[in-house]
Amino acid sequence: MGIVLLAIILVVIAADAWVRLAPIDPARFSVEGLAKPTGDHPETGGFQAVREVAEPQAQMAALDKIIRATARTRRVEGSPETGQAAYVTRSAFWGFPDVTTLWVDGKTVQIRGHLVFGRSDLGVNRARILGWLDEAGL
């Protein structure tokens with residue numbers, strides 16, 4: 001009985017380590033071909049929001065600041081100065097990563113969040129993105 005319990009514990013620890021340490025494919029940070037019209041766009045495993053704004057670069061900088069202040073979130077690529085940035089936010093308990101990309105397309109600010117593992121994010125990306133947009137006044 002003790003060996004079975006030990007084996008289960010080791011499997012759980014290994015799975016947690018894999019989720020936390022597995023590299024994220026840089027192709028997930030690409031925004032090529034992902035621009036959408038103004039509005040909210042639910043996706044399988046994620047969410048994309050597009051807002052038309054007067055000063056997209058300034059709004060992107062404001063959103064970047066809000067996103068980087070979010071717990072367990074770090075910018076992994078780009079910056080507001082380049083017009084495109086990517087972030088990884090990890091869940092509190094298991095450390096599951098979600099990738100968020102933020103970019104300027106014409107007069108719009110596009111923000112897309114999606115899971116890395118699994119099929120459903122249970123609405124987490126939608127809630128996170130809409131919260132960031134609300135905080136930015138968008």
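These numbers come from the heavy atoms of this one structure, side chains and all, not from hydrogens, waters or symmetry mates.
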Can you list every pair that meets salt bridge (charged side-chain N to carboxylate O under 4.0 Å, His left out) and has a residue in residues 73-86, with sequence neighbours left out? Asp64-Arg75
Can a donor-acceptor pair be found, under 3.5 Å and without considering hydrogens, that links the side chain of Thr70 to the backbone of Arg68? no
With sequence neighbours left out, the residues meeting side chain to side chain contact (heavy atoms under 4.5 Å, CB included) with Glu52 are Thr38, Lys107, Thr108
Could you pull out the closest heavy-atom pair between Pro56 and Gly106, with the gap in Å? CG-O, 3.5 Å
Assigning hydrophobic clusters by single linkage (Ile, Leu, Val, Met, Phe, Trp, Tyr; side-chain heavy-atom cutoff under 4.5 Å), is Val116 placed with Phe96? yes
Sorted by chain and number, sequence neighbours left out, side chain to side chain contact (heavy atoms under 4.5 Å, CB included) with Ser30 holds for Glu32
May I ask you to list the residues sharing a hydrophobic cluster with Tyr87, side-chain cutoff 4.5 Å, ordered by chain and number? Phe47, Val53, Met60, Leu63, Ile66, Ile67, Leu102, Val104, Val109, Ile111, Ile129, Leu130, Trp132, Leu133, Leu138
Give a yes or no on this: more than 12 heavy atoms of other residues, nucleotides or ligands lie within 6.0 Å of atom CD of Glu55. no
For Asp40, side chain to side chain donor-acceptor pair (under 3.5 Å) partners two or more places apart: Arg51
Once side chain to side chain contact (heavy atoms under 4.5 Å, CB included) is applied, do any residues pair with Glu43, and if so which ones, sequence neighbours excluded? Lys36, Gln48, Arg112
According to side chain to side chain donor-acceptor pair (under 3.5 Å), who are the partners of Thr101, at least two apart in sequence or on a separate chain? none
Can you list the other members of the hydrophobic cluster that holds Leu34, where links are side-chain heavy atoms under 4.5 angstrom apart? Val31, Trp103
Contacts satisfying salt bridge (charged side-chain N to carboxylate O under 4.0 Å, His left out) that involve residues 116-138 (not counting sequence neighbours) are Asp98-Arg128
